[in-house]
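Chain letters run A, B, ... following the sequence lines, proteins first, then strands; residues in each count from 1.
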Amino acid sequence: MPPSRPRLTLAACSATMQYDHTAIEGKWQQAWRERNTYRVDQDFTRPKFYVLDMFPYPSGAGLHVGHPLGYIASDIVARYKRHKGFHVLHPMGYDAFGLPAEQYAIQTGQHPATTTEVNAARYREQLDRIGFSFDWDREVRTSDPDYYKWTQWIFLQLFDSWYDPRADQARPISELIARFETEGCRGQDASVLTGDIEEFVGEFTAAEWKAFDERTRQMVLQHFRLAYLSEAWVNWCPALGTVLANDEVKDGVSERGGHPVERKRMPQWSLRITAYAQRLLDGLEGLAWSESLKEAQRNWIGRSEGASVRFPVGDDFIEVFTTRPDTLFGVTFLTLAPEHVLVGKYTTDAQRAEVEAYVKQAKNRSERERQAEVDRITGVFTGSFAKHPFTGEDVPIWVGDYVLAGYGTGAVMAVPGGDQRDWRFAKHFGLPIIAVTDGADIDKEADERKDATICSEGFLKGLKVPEAIRRAIDELEKLGAGEGRVNFRLRDAAFGRQRYWGEPIPIYYEDDIPRPVDVADLPVRLPEIDKYQPTETGEPPLARAKDWTYKGFPLETTTMPGWAGSSWYFLRYMDPGNTERFASEEAVKYWGPVDLYVGGSEHATGHLLYFRFWTKFLYDRGWLPFDEPAKKLVNQGMIQGVSKKAYALAVVSHSTVAIDAESRLIDTKQLPLVLVPKRVYDSWAELSEADRDAIGNVESMLREVGLERCPGASGYVTATSSFEFHVDIQLVDDKSNELDIDGFRASRPDHANAILLEDGPYVTVNEVDKMSKRWMNVVNPDDIIARYGADTLRLYEMFLGPLEQSKPWDTHGIEGTYRFLRKFWNLFHTGNSGVEPVASTHRVDHDSFLVTDDTPTKAELKVLHATLKKVEEDIERMSFNTSVSQFMIATNELGALKCTKRAVLEPLVVALAPFAPHIAEELWEQLGHAESVTTAPWPAHDPQYLVEDSFSYPISFNGKTRLQLEFPATLGKEEVEAAVLADPEVQKRLEGKPPKKVIVVPKRIVNIVV
RNA sequence: GCCCGGGUGGUGGAAUGGUAGACACGAGGGACUUAAAAUCCCUUGGCCUUGCGGCCGUGCGGGUUCAAGUCCCGCCCCGGGCACCA
């Protein structure tokens, strides 16, 4: 069967036809490129399957073996689905905006786009070498203006939308304006989510709305827009002129440079994700995502039911949220967050100095610190009192930093008898504590039980908690002092960054009123600037741009956060070249939503929440026909690194006397590093005499070394303890763990004089850590591929264990999968199989290639079909490690059967193709096919070949297996029982006594109870 | 503290309530070879036994069942997420 197109040749193929991964993989990667094997067309008629990977940020470090794990799994599914006849979309791109490129730009002046380009090219090279079936024509990069044009467009859609509580969906802002013009703003509409705190906009009539000036109208609308500008609390660092993220602040100073940081309220762009809280929660129900991930999102959204209660203060009131309105009669004080807007208003003159001082210091503690230091109870009395809505009694108003400004209303009604935090605050400041529940021991702690009976005086006394909650809410509503309410922990997302390397926000300011850039003028391109740092006046880098204006008005200078572009990229892959729309209606309708999404669990509450939020929003506004982006999601586990640890003496030097020079301390850094065995490190407290002597010897030797370096000083050197440290895995022999001492000395200047406590090889100790540069345990896939090939790498990553589980990378084990591929190859070749060509052989052009058209035996067909069945089932449940095992079993068994038959081997090539595409293509071609193996239909297993004639029953006594008896598979329960009991060996074990009971599970087991 | 995962040989791991340890690594022994590489074969959970065989064994303690790694109850340990959330 001659191929229909010229065949590429395998230059490195020798006559004996050994498995040569380098030649095969090079040949096929080139062929795939040239033949566009993985191009996905716009045929919208076939059944589709969309397999998506979380795209990477192209960092300068390149890929390590942990990165491609998920990509390999998804690639197997993509290829498998293609064999199954699906039209498969399996794209890849880059999350190209990000901090590292910007930091690098600040240091070197190199444009982040250049760095990104270089890094992406390196990623591409590495990815290509692994043999993925990505359609690179569909690559997206978030930093590409043709891409971020649509990110900006979506932002403008958000800006142009509000969340209509009546329709429970996002609507155009024009509809809100129309409503204001006819109905004004009243009741529920007037109380809207502004993200941080429930805020009352204020009611107005239609006539009043019409009388508002433009500025006022726009201010009002800001309270409703889904992308809005508002005052928000930020970590402001005046010295750096920038806002810092929570993790960039430590102990009130910036992590970089140690400059003071203060909490400051600044205008910030935010997205009103809180409007979607309930739908984001409800939508989780139908998703095939892992339970732990869904749980993480539920926790993050943090829905709680309760009531809002208003405590009158003079002619105003303080509103609190509580989940326990049943404890209202136990309220003994109110606590406001230090940031609460009413703190100033309710502070009496007598208390003002104290309160202001407290607020100032509390505000400047970062949120993280405030949350970490639970034991530090601080607060101050404002001097004012509120009225209890039920009893009318005075309730003192305190300020305490245990109350968070960003949750609920930023104020709590304190019930020390029922809430432990309130209890501790009350104890600390000597405030009264009222028992609210029967059986509470309020001298010891608050009683937070939710199944108790209320005992505090009032109309709730004697009621069970759930009933008391309902009753309390009824009363509050009757009095107009509050109502039932649902509260969420989720906060609106800050959307502005004081950075250069991100999407410009397409907003300009006309007399300080934010206005959207016309859609026709998108994208707003990132300007060229001279330096990538904030300006001298503390403005973001974009303020450096010349003429950063639109229609003569200043443009917004902050840029979007990293997650903007990744919130919708899955849509762009569907139609990446579209200039009219983010993706065509047909493409979106056909390809969406994603059928399988694979990525790391670290994105559980960041990316994956925004990703769902944007999808729901675009759905609301009619741009998408679905409102969840990914039906199924799988988190791949982390591949950990095995690091090598060494141990050394911690050496201290002292100088005592100086004869003819000034007294000098020998710098311990100048002393050689003394490597000691782990034994010494472990048993430092009780060292053996031999070890102590050895250390003593080294000390005296060190003393001389030290003194040589400090002429005139006489001192002594002592080893006070030992410490552990990581050494580069490159310097350690994989098998023996012996350290390459010379290499170690050459690796760093301060290791140059390293010496050993004991003669002989130095043996390091394994430890499993995260794979990272820091632990010097990074394994590069390029090295693995050079040695074993991409197919081996792919198989091994899958073979390592269940996809979702974290597991350490151990290069040793790879030999097994490499051996498997060679054995598989040898099934098709005479090279090393020991099978000599015979006369009937149908030979295909390579010398050693030997596959016959003989009729396979029953045993051979059984191996084949058992494998096809197992592999298909395993791919469907993403259990790739077990499918690799099955291939190994099949290969071992067919090898033992000396099977060289096409009818058996050919289907196996197709089944293996998703896992090891290069070797499969090569064998497929050698089998005489002109078309790529990727076009072959999936070989279905035929159950008839798996039917067993007989079954070997394990015979157990009281559940313990004692012997095996083989019976025809057709035998029924009773027949098996009879046959078993007739067996002499069984009789012998029964010792003539009749069995109590005999359980026969056909084709499984026989259990005899005696 | 709360919420999710997970604990099985020297190692990675396998096992619809039905023969625990598949497959692979490592280790030991052997064949082929002048040798090496490659390949192939055997052994490999622990203890007892010359052998046949026996006893124990899936973190710990109970329970359900003819039968439990698997189901239920109570603990311990490890990993991850959340956390003054009112």
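As the counterpart of B:G5, B:C78 is assigned, both hydrogen-bonding distances of the Watson-Crick or G-U wobble pattern falling under 3.5 Å. Nucleotide B:U19 forms a pair with no other nucleotide shown, judged by Watson-Crick or G-U wobble geometry with both contacts under 3.5 Å. If you check B:G69 for Watson-Crick or wobble pairing at under 3.5 angstrom, you find it has no partner at all. B:U50 makes up no base pair with any nucleotide shown, lacking Watson-Crick or G-U wobble contacts both under 3.5 Å. If you check B:G10 for Watson-Crick or wobble pairing at under 3.5 angstrom, you find it paired to B:C25. Using N1 to N3 plus N6-O4 or O6-N4 for Watson-Crick, or N1-O2 and O6-N3 for G-U wobble, each under 3.5 Å, B:A38 pairs with nothing.
Residues A:Ser806 and A:Gln640 form a side-chain contact, since some pair of their non-hydrogen atoms from C-beta on lies under 4.5 Å apart.
Relative to the side chain of A:Arg421, the nucleotides B:A86, B:A67, B:A83 differ in distance, and B:A86 lies closest. Taking only side-chain atoms of A:His812, from C-beta outward, the nucleotide of B:C25, B:G81, B:A24 with the closest atom is B:C25. Nearest to the side chain of A:Leu404, among B:A83, B:C23, B:C84, sits B:C84. Closest approach to the A:Arg489 side chain among B:A22, B:U19, B:C82 is made by B:C82 (side chain taken as heavy atoms from C-beta onward). Comparing B:C85, B:U39, B:G18 by their closest approach to the side chain of A:Arg822 singles out B:U39.
With A:Lys644 as reference, A:Asn766 is the one residue of A:Asn766, A:Asp733, A:Thr764 to meet the side chain to side chain donor-acceptor pair (under 3.5 Å) rule.
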Working for side-chain hydrogen bond (donor to acceptor under 3.5 Å, both in side chains), residues A:Glu966 and A:Ser950: CA-CA 7 Å; A:Glu966 182 144 345; A:Ser950 64; 2.5 Å; yes
Sugar-phosphate or base contact per nucleotide [nucleotides 3-14 of chain B; S, B, -; heavy atom under 4.0 Å]: SS-------BSS
B/S/- contact track for nucleotides 43-48 of chain B, protein heavy atom under 4.0 Å: ------
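At least one side-chain nitrogen or oxygen of A:Lys960 sits closer than 4.0 Å to the OP1 or OP2 atom of B:C56. Side-chain N/O atoms of A:Arg962 include one lying less than 4.0 angstrom from OP1 or OP2 on B:C55. Remark: A:Arg819 is in phosphate contact with B:C25, judged by side-chain N or O atoms under 4.0 Å from OP1 or OP2.
When each of A:Val1001 and A:Gly816 is assigned the nucleotide of RNA chain B with its nearest heavy atom, A:Val1001 is the one assigned upstream, toward the 5' end.
Judged by distance alone, the side chains of A:Thr882 and A:Ser879 do bring a donor and an acceptor atom under 3.5 Å apart.
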